[in-house]
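Scroll down for the structure; my scribbles are underneath it.
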Amino acid sequence: MRAIRRLMVRTVLPEPLAALGDLVTNLRWSWHQPTQDLFSAVDPRLWEEVGRDPVRLLGEVTPERLAGLATDPAFLGRVQATRDDLQHYLTEARWYQDHDGRGPQGVAYFSPEFGITHVLPQYSGGLGILAGDHLKAASDLGVPIIGVGLLYRHGYFVQSLSREGWQQERYPVVDPDNLPLVRLREPDGTPAHITVGMPGGRVLTAAVWVAQVGRVPLLLLDSYIDDNGPAERDVTDRLYGGSREHRLLQELLLGVGGVRAVRAYCRITGAPAPEVFHTNEGHAGFLGLERIRELVEERGLTYEAALEFTRAGTVFTTHTPVPAGIDRFPMDLVKQHFGGDNASPGLAVEQILALGAEDYEGGDPSVFNMAVMGLRLAARANGVSTLHGEVSRGMFAGLWPSFDEREVPIGSITNGVHAPTWVAPEILRLEEKAVAGGGWKDATAAVSDADLWTTKRALRQRLVEAARTRLREAWRGRGASEAELGWIDDVLDPGVLTIGFARRVPSYKRLTLMLRDPARLKALLLHPERPVQFAIAGKAHPADDGGKRMIQEMVRFADDPEIRHRIVFLPDYGIAMAQDLYPGCDVWLNNPLRPYEACGTSGMKAALNAGLNLSVRDGWWDEWSDGVNGWDIPSAEGVDDPEYRDSIEATALYELLENEIGPRFYDNDADDIPRRWVEQLRHTLTTLGPKVQATRMVRDYVEALYTPAAESSRSLNSDFGGAVSLADWKERVRAAWPQVSVDHVETTAVDTFERGQTLQVHAFVSLGSLTPSDVSVQVLHGPVDDGDNLREPVVTPMTMSERSDTGAYRFDGEVLLGRTGAFGYTVRVVPQHPLLEDGAELGLAALPA
Ligand SMILES: *Cc1c(COP(=O)(O)O)cnc(C)c1O
């Protein structure tokens with residue numbers, strides 16, 4: 001029988017336990033072990049049964065138990081102490097409060113997904129986990145961030161397997177009343193709603209939920225409300241599902257609706273308006289359009305001045321070097337949603353379309369590219385590792401023709417991970433001791449090799465138990481009876497070298513590389529003295545049959561009775577499983593096709609849990625691998641045949657495992673401790689530990705991007721005077737640019753060139769209606785290739801020396817011939833203005849004809 005109405009009945013906590021409710025709704029519990037221990041003490045068995053979900057715990061605990069706790073002075077004391085500790089965490093001055101005072105009064109951080117805790121399944125993989133870690137680290141540092149995202153009614157799917165090992169997807173309903181969320185309400189108590197216009201006069205309305213992440217509020221927009229028709233209600237149905245149009249509507253709600261939600265939140269709570277807006281990946285890029293619209297319609301700015309002001313305060317982070325990973329929409333679809341009867345008076349649809357146009361060599365005129373718009377709407381942009389910054393500069397170089405790739409204004413900040421979320425409490429305790437003893441390296445007395453090794457073995461044991469439980473569940477799901485599953489009691493061994501591999505399953509991550517030579521892998525698993533064992537997990541995107549085939553291949557391999565005790569595929573990879581997996585692994589494997597892994601963060605989490613990395617030099621590992629903290633799998637980039645390339649890299653992987661990793665791990669001394677291995681762990685914790693932290697990453701964002709963005713938006717702001725004058729100047733420069741030319745270049749006459757010599761260069765340039773202060777004239781010089789192309793030229797400014805009768809200017813500069821060999825130089829004119837962030841910003845440059 002079907003109920004006609006569904007109600008959520010909430011537990012009423014006895015008054016003395018009210019503080020427990022506060023502890024549940026602040027997600028700091030998700031990375032604060034003492035708070036989790038307190039929840040567990042409410043009813044230890046139930047806590048495990050409800051999957052460590054405190055909302056469910058309080059919903060299902062018996063009233064008798066609660067009444068008992070309400071009169072238990074010891075328990076009440078613990079509740080009070082934990083509540084006081086949270087209050088202290090929320091109010092005390094932290095790093096940002098004691099920093100230089102120049103940073104923004106607020107930052108709005110937009111992301112299509114957030115991975116905060118397993119009870120809030122609003123993420124699919126690394127992008128969401130990173131966004132969650134960014135908010136948590138910002139909270140720990142006291143950085144005033146407001147997160148903005150969507151609340152997906154079905155989140156991402158739950159993965160299980162068919163008997164044949166084919167991925168099955170389930171989308172359980174996520175009920176916000178059963179989540180640690182609070183509805184944003186107007187002062188009169190009614191729910192706060194925001195609206196976004198749609199074509200045909202329809203309106204998309206959304207409620208706003210607040211997830212409190214320590215000090216940081218995360219606003220989640222939810223279209224599942226009665227005001228909406230069925231189509232609008234489904235906009236936030238699930239993460240990364242549906243048609244192009246469905247995706248566009250989600251991104252409109254996230255970007256445009258998200259800015260409106262931030263405005264509502266600040267109005268209602270009195271929080272200061274953000275000075276900086278951070279677009280975490282292109283999906284959230286429409287936020288810039290909404291800010292331009294506000295400035296035009298509400299502040300009377302021109303489009304051009306509004307664009308300048310918006311750009312100055314916007315940071316764009318790109319996360320993928322895989323062209324297929326870039327979000328693109330048909331132009332017509334974007335036109336339909338921003339034009340016609342849904343156009344804003346202050347923002348012409350042509351202006352919007354131009355922002356996402358691929359109007360560069362090799363671009364597709366029929367698509368609207370969200371990353372291109374992201375770059376045009378943000379004065380500051382970055383990739384997520386040094387290598388990814390470099391790859392991104394190449395990938396988007398078409399937007400800055402006439403500039404060298406190195407001059408493309410995209411920098412990089414390497415990702416980090418939130419240690420309190422990802423590091424096992426046992427390791428954190430050792431860490432405290434080690435720090436007290438002078439750091440991991442010098443703390444040998446405080447934390448002996450035996451301490452470290454015993455702890456690692458205990459964590460391996462925990463992983464083995466968790467894997468058996470999950471595997472048994474998986475096999476029941478695949479239709480096996482209990483009688484068939486006795487063998488699972490012997491799966492994995494806490495004394496065996498344990499290798500982890502878990503991540504999403506797009507083809508570039510090559511889940512099945514290790515299966516290249518199955519017999520060789522089998523021999524490694526069954527080695528009589530030095531066996532290895534694997535714990536493997538990962539979800540394929542529901543529309544990616546190639547990924548599902550890889551999972552099936554892996555599952556079938558692992559089903560083989562001969563080796564199934566040494567290799568397991570665990571379904572439904574997510575935060576909860578990850579927290580068991582990383583601490584128990586000795587080696588974390590990553591074998592992407594270089595350079596497609598923008599950063600990768602799972603190996604960082606493994607390292608913080610005293611694990612060593614075995615990885616292709618891609619993403620973060622390319623910059624921080626040092627020969628002791630793990631092993632490099634050589635990349636066969638440049639080998640065009642993908643099969644052959646896989647073969648080379650797989651062979652290298654087997655060889656490392658056979659010849660180096662296995663022997664090192666099993667090289668025990670008389671005390672049964674592999675001293676050299678433990679030495680490598682200490683080295684990893686000492687040197688890599690501090691770098692891979694999300695707090696390091698967020699400090700880098702504050703110093704390199706948020707603070708400069710806040711300062712430049714302030715410099716444009718006194719009544720937007722700066723924005724208006726910068727916009728006017730750009731317009732004047734663009735109009736005058738066709739008249740700008742390098743007419744003639746002269747150098748001192750010499751016959752032979754010798755190293756160490758200085759060449760005088762004189763350039764005669766025409767500037768049309770511009771003046772020398774509007775431009776920078778530069779000499780670019782360096783080695784040239786066979787086609788006379790300058791490779792990585794050095795750029796030095798020239799100085800104006802005279803103006804000729806004809807109105808041309810002479811500029812002088814010098815070139816030091818610093819090296820032997822083929823060498824070249826040229827001269828270039830680029831725009832220059834004190835409020836311009838970067839010489840390449842306008843994409844304009846004049847070179848000799
Ligand atoms: C860290 C993490 C990721 C990211 O893994 P990569 O190897 O960086 O792709 C994905 N999912 C979960 C659950 C994670 O914890």
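Start at 1 and go down the list; that is how both ligands and their atoms are numbered. Residues take their numbers from the sequence shown, with the count starting at 1.
Close contacts of ligand 1 with Ala578, meaning ligand atoms under 4.0 Å from a residue heavy atom, involve 15 (O). Those atoms of ligand 1 with a heavy atom of Arg503 less than 4.0 angstrom away are 7 (O), 9 (O). Within ligand 1, the atoms closer than 4.0 Å to a non-hydrogen atom of Gly600 are 8 (O), numbered from 1 in the order shown. For ligand 1 and Lys509, the ligand atoms under 4.0 Å from any heavy atom of the residue are 6 (P), 9 (O). The ligand atoms of ligand 1 that sit less than 4.0 angstrom from a heavy atom of Trp422 are 15 (O).
Scored by the side chain to side chain donor-acceptor pair (under 3.5 Å) test, Tyr706 finds His134, His278 as partners (sequence neighbours excluded).
For atom 6 (P) of ligand 1, the closest non-hydrogen atom on the protein side is Ser602 OG, 3.5 Å. Of all protein heavy atoms, the one lying nearest to atom 11 (N) of ligand 1 is Tyr573 CE2, 3.3 Å. Summary of contacts: the protein heavy atom closest to atom 8 (O) of ligand 1 is Thr601 N, 2.6 Å. For atom 14 (C) of ligand 1, the closest non-hydrogen atom on the protein side is Lys605 NZ, 2.9 Å. Among all protein heavy atoms, the one lying closest to atom 13 (C) of ligand 1 is Gly574 C, 3.6 Å.
With a 4.0 Å cut-off on non-hydrogen atoms, Arg504 does not touch ligand 1 at all. Contacts between Tyr582 and ligand 1, counted as non-hydrogen atom pairs separated by less than 4.0 Å, involve the side chain only.
Aromatic ring orientation, Trp47 versus Phe39: tilted (interplanar angle from 30° to 60°).
Of all heavy-atom pairs spanning Val55 and Leu179, the tightest one is CG2-C, 3.9 Å. When every heavy atom of Ile427 is checked against every heavy atom of Ala610, the shortest pair comes out as CD1-CB, 4.1 Å.
With hydrogens and angles ignored, the 3.5 Å screen pairs a side-chain donor or acceptor of Arg696 with a backbone N or O of Thr414.
In this structure, Arg472 fails the cation-pi test against Trp475, since its NZ or CZ atom is not both closer than 6.0 Å to the six-membered ring centre and inside 45 degrees of the ring normal.
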